[in-house]
Chemist: 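Right, I'll just put the structure down here and ask away after.
Indexing begins at 1, ligand by ligand and atom by atom, following the structure's order.
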Amino acid sequence: MTLAVTIVPVTQYQQNCSIVKCQATGKAAIVDPGGDIEKILAAVEQMDAQVEKILLTHGHMDHCAASDVLRQRLQIPIEGPEEGDRFWIDKLPEWCQMANFPHADAFEPDRWLKDGETVTVGEAQFQVIHCPGHTPGHVVFLHTPQKLAWVGDVIFAGSIGRTDFPMGNHDDLINSIREKLFPLGDDIQFIPGHGPDSTFGRERASNPFVADTRFG
Ligand SMILES: [Zn+2]
């Protein structure tokens, strides 16, 4: 296996922060560090990983609120999400306050991502897939060789992301899942932002929101 992955549930929302390590180089990325920095760093140490970057799927606080502090502490860049989520990250302090969430400052990622681009972790490559709907700038990371995807809050085992937030769009979300993710293959396993993992094939068969049977 090219990648080693440790999932660390963080924040009061039990968000699945992942540490993704390239086995060949020992280099790693932290995907969606929403909080609980000490827990994340303990997992990094346990994996004997050398963190080289932070990857963000979208700008919600439970996915990105610890990014800037980690960036400064580890001297590493933040890549993602797509720029449509700038307004979420700009308003991070307000959102945190409203949700009674630990304070986070607004920040500027070092690299906004676009659909079709590639991000790297050590020697491993990940395809960037822009999947708007839950948020306008949401991205998914796909590691094709290991058939593994990080989908943030686009789709969950048995559910889909909320679209009742500002700039959320239900039709966009369904399109992202059915037109961009499902065609990648039934055997792609995904790690969602919350709850257990699943595969696109399983959701295609049984997810009450996006199953094939609903779309004839
Ligand atoms: Zn979210």
Chemist: Hey, mind stepping through E94 and K91 against salt bridge (charged side-chain N to carboxylate O under 4.0 Å, His left out) and telling me if it holds?
Modeler: CA-CA 5 Å; E94 287 98 311; K91 288 210 156 75; 5.5 Å; no
Chemist: Please state whether the separation between the Zn ion (ligand 1) and some N/O/S atom of D153 is under 2.8 Å?
Modeler: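 Within the cut-off used here (under 2.8 Å), D153 does place an N, O or S atom near the Zn ion (ligand 1).
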Chemist: Could you check whether R71 makes a cation-pi contact with F107, meaning its NZ or CZ is under 6.0 Å from the centre of the six-membered ring and within 45° of the ring axis?
Modeler: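 That pair does not qualify as a cation-pi contact.
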Chemist: So among H63, H60, H134, which one has a ring-ring contact (aromatic ring centres under 6.0 Å, His included) with H194?
Modeler: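 Running ring-ring contact (aromatic ring centres under 6.0 Å, His included) over H63, H60, H134 with H194 returns exactly one hit, H63.
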Chemist: Among the N/O/S atoms of H60, select the one at the shortest distance from the Zn ion (ligand 1) and name it.
Modeler: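 The nearest such atom is ND1.
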Chemist: Which is the closest N/O/S atom of H58 when seen from the Zn ion (ligand 1)?
Modeler: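 For H58, the N, O or S atom at the smallest distance from the Zn ion (ligand 1) is NE2.
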Chemist: So, 2.8 Å as the limit: is an N/O/S atom of H134 located closer than that to the Zn ion (ligand 1)?
Modeler: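 For H134, the answer is yes, given that an N, O or S atom comes within less than 2.8 Å of the Zn ion (ligand 1).
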Chemist: Checking E123 against T25: is there a side-chain donor and acceptor pair closer than 3.5 Å?
Modeler: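 Side chains of T25 and E123: no pair found under 3.5 Å.
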Chemist: Check whether any N, O or S atom of H138 sits under 2.8 Å from the Zn ion (ligand 1).
Modeler: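 So H138 does not bind the Zn ion (ligand 1) by this criterion.
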Chemist: Are W88 and T135 close enough that a side-chain donor and a side-chain acceptor fall under 3.5 Å?
Modeler: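 No, because no side-chain N or O of W88 sits under 3.5 Å from a partner of the opposite role on T135.
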